[in-house]
There are 2 protein chains.
Amino acid sequence: MLNSYSTADKVLLAVDCIIFGFDEEGLKILLIKRDFEPEKGKWSLMGGFLKKEEVLDTAAIRVLNTYTGLQDIYMEQLYTYSEIDRDPVERTISVAYYALINIENHNAELIQNYHAKWFSVSEVPKLIFDHDNMLSHAIRRLRYRTSMRPVGFELLPEKFKMSQLLKLYESILDKEIDKRNFISKINSLDILIKLDEKDMTSSRKGSYLYTFDKEKYDAKLLNHFALNF
Amino acid sequence: MLNSYSTADKVLLAVDCIIFGFDEEGLKILLIKRDFEPEKGKWSLMGGFLKKEEVLDTAAIRVLNTYTGLQDIYMEQLYTYSEIDRDPVERTISVAYYALINIENHNAELIQNYHAKWFSVSEVPKLIFDHDNMLSHAIRRLRYRTSMRPVGFELLPEKFKMSQLLKLYESILDKEIDKRNFISKINSLDILIKLDEKDMTSSRKGSYLYTFDKEKYDAKLLNHFALNF
DNA sequence: TTTATTAGTGTAAAATGTACATTAAATTAA
DNA sequence: TTAATTTAATGTACATTTTACACTAATAAA
């Protein structure tokens with residue numbers, strides 16, 4: 001019977017969270033060392049089961065918070081994984097979510113956490129279950145998204161140098177980008193505000209700081225701008 | 001307990017199928033009239049529950065086949081919907097899938113079916129549950145996808161006129177496209193084979209027929225071509 | 001042979017993308 | 001005080017792509 005609610009199978013539904021961050025060293029991802037079976041001691045994404053009275057988006061937020069202390073992180077649904085043996089203990093379907101966060105802003109929350117740790121995306125250890133697959137899927141999505149619209153908002157501090165933004169793009173897209181072309185392209189989008197302030201920490205000359213102009217950004221989102229680096 | 005398999009809630013997991021087709025009249029979508037409760041007699045997507053020993057992709061194929069007789073349709077996962085009350089009978093999470101098919105090729109299968117019917121996307125009736133939402137999400141995805149790579153393959157007959165391909169794009173993107181620019185852009189992709197054959201049914205002059213060059217197409221997919229109409 | 005209908009074709013101007021090297025500002029060391 | 005060092009900031013010429021736009025070609029029917 002295709003449509004009998006009473007006889008239909010019920011399954012475990014999980015969420016897994018892929019959290020991207022960025023700092024001087026480049027693009028990173030947040031992982032936890034499992035302190036429970038199966039695969040205790042191995043690295044994995046933050047995951048947990050959906051509760052009956054809960055929406056997936058909320059479950060993802062709750063799970064992430066439980067493991068990392070991170071609050072109010074907006075995550076986007078990535079894909080739902082349902083391979084029969086993806087979880088060796090019991091048939092579990094998992095809905096993966098991903099988010100971009102600013103590492104500095106959230107360090108306080110993370111420090112008090114037990115086992116969460118940032119890894120460079122280029123040096124991720126072997127993960128449990130199908131988490132490697134989820135991660136590579138998420139990276140692909142992030143790259144794709146980056147080429148469609150600016151992503152810097154979430155990953156950079158409030159005030160940032162142009163060179164940081166450039167480095168962010170280079171990290172995500174994993175390629176070199178011509179500095180002058182990058183700057184003129186970004187400027188042509190007209191979504192940055194150049195501040196009077198300079199950051200003197202890394203050079204004699206100092207470099208101007210910028211912030212995103214959230215209003216202009218939102219207005220332009222509607223016409224979904226594409227960047228072709 | 002976040003990670004106890006034994007105490008975690010289990011839920012009903014469904015799949016819903018969004019099937020796009022195209023004919024002389026434009027872009028269409030396949031719906032069924034429900035012959036069971038709830039919402040009996042209303043129009044809906046083809047849906048059914050995931051079985052315990054089944055992968056989502058397979059469930060989508062099975063469900064579609066059950067309602068329409070359609071065979072071997074490759075569907076792509078769209079999104080997973082989990083609003084608490086999306087199904088009034090019981091908490092059900094649904095994974096939506098979508099596919100593009102050639103209406104003519106599959107008419108034989110569909111004719112013998114009871115209640116499935118094609119609707120122009122511009123004249124879709126009110127659907128049950130959150131199926132309207134799924135559909136509009138799918139249309140958005142289709143438009144997006146169309147701007148990233150050619151989609152004609154699946155929706156057109158084996159042999160087609162350039163004007164059909166143009167009309168397909170206009171239907172999906174819901175805007176007029178300049179004929180000359182369209183043709184030269186398509187030709188520059190170098191994925192069509194112009195046949196010696198002409199279709200004389202719609203004009204005195206007759207128009208050349210084309211087929212897709214699957215090999216060239218696949219080769220180019222790797223460099224994901226973007227079309228900006 | 002004229003008429004009507006759809007198919008098929010090209011070009012010029014504008015916008016965008018790309019490749020590439022020098023000067024500017026400030027600190028530190030001589 | 002001057003020179004040397006370091007990173008920041010800027011512009012141009014060329015190639016490519018996109019856009020706007022209108023007439024001729026082929027054929028069948030009248």
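The sequence lines fix the lettering, A, B, ..., with proteins before strands; numbering per chain opens at 1.
By the side chain to side chain contact (heavy atoms under 4.5 Å, CB included) test, B/Ile193 pairs with B/Leu195, B/Thr211, B/Asp213, sequence neighbours left out. Evaluation of the ring pair (Phe, Tyr, Trp, His ring centres under 6.0 Å) rule for B/Trp43 yields B/Phe119 as partners, not counting sequence neighbours.
Atom P of nucleotide C/dT9 and atom NZ of B/Lys185 are separated by 19 Å, given to the nearest angstrom. Between B/Asp199 atom CG and C/dT5 atom P there is a gap of 18 Å when expressed in whole angstrom units. A/Met200 has its CE atom 7 Å from the P atom of C/dA26, to the nearest Å. With rounding to whole Å, A/Asp178 atom CG is found 13 Å from D/dT12 atom C1'. Following rounding to the nearest Å, A/Lys194 (NZ) and D/dA9 (P) show an atom-to-atom distance of 6 Å. One atom, NZ of B/Lys175, and another, C1' of D/dT19, lie 12 Å apart when rounded to the nearest Å. As a whole-Å value, the separation of A/Tyr208 OH from D/dT10 C1' is 13 Å. Spacing between atom CE of B/Met162 and atom C1' of C/dA7 amounts to 11 Å, rounded to whole angstrom units.
Annotation: A/Tyr79 is in aromatic contact with A/Tyr81 [ring centroid separation under 6.0 Å].
Between the side chain of A/Arg204 and the base of C/dT28 there is no donor-acceptor pair of N/O atoms closer than 3.5 Å.
Counting any heavy atom pair closer than 4.0 Å across all strands shown, A/Ser188 reaches no nucleic acid atom. B/Ser184 comes within contact range of no nucleotide atom at all, as no heavy-atom separation falls under 4.0 Å.
Sequence order on DNA chain C of the closest nucleotides to B/Asn181 and A/Gly206 puts B/Asn181 first from the 5' end.
In this structure, B/Lys28 forms no cation-pi arrangement with B/Phe20, as its terminal cationic atom is not both closer than 6.0 Å to the ring centre and no more than 45° off the ring axis.
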Just the table, please: protein N/O against nucleotides 22-25 of chain D N/O, every pair under 3.5 Å.
| residue | atom | partner | partner atom | Å |
| --- | --- | --- | --- | --- |
| D/dA25 | N3 | B/Lys205 | NZ | 3.4 |

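The aromatic rings of A/Phe160 and A/Phe212 sit tilted, their planes meeting at an angle between 30° and 60°.
A donor and an acceptor atom, one from each side chain of B/Asp199 and B/Tyr208, are nowhere located under 3.5 Å apart. Between the side chains of A/Ser44 and A/Lys33, no donor N or O sits under 3.5 Å from an acceptor N or O.
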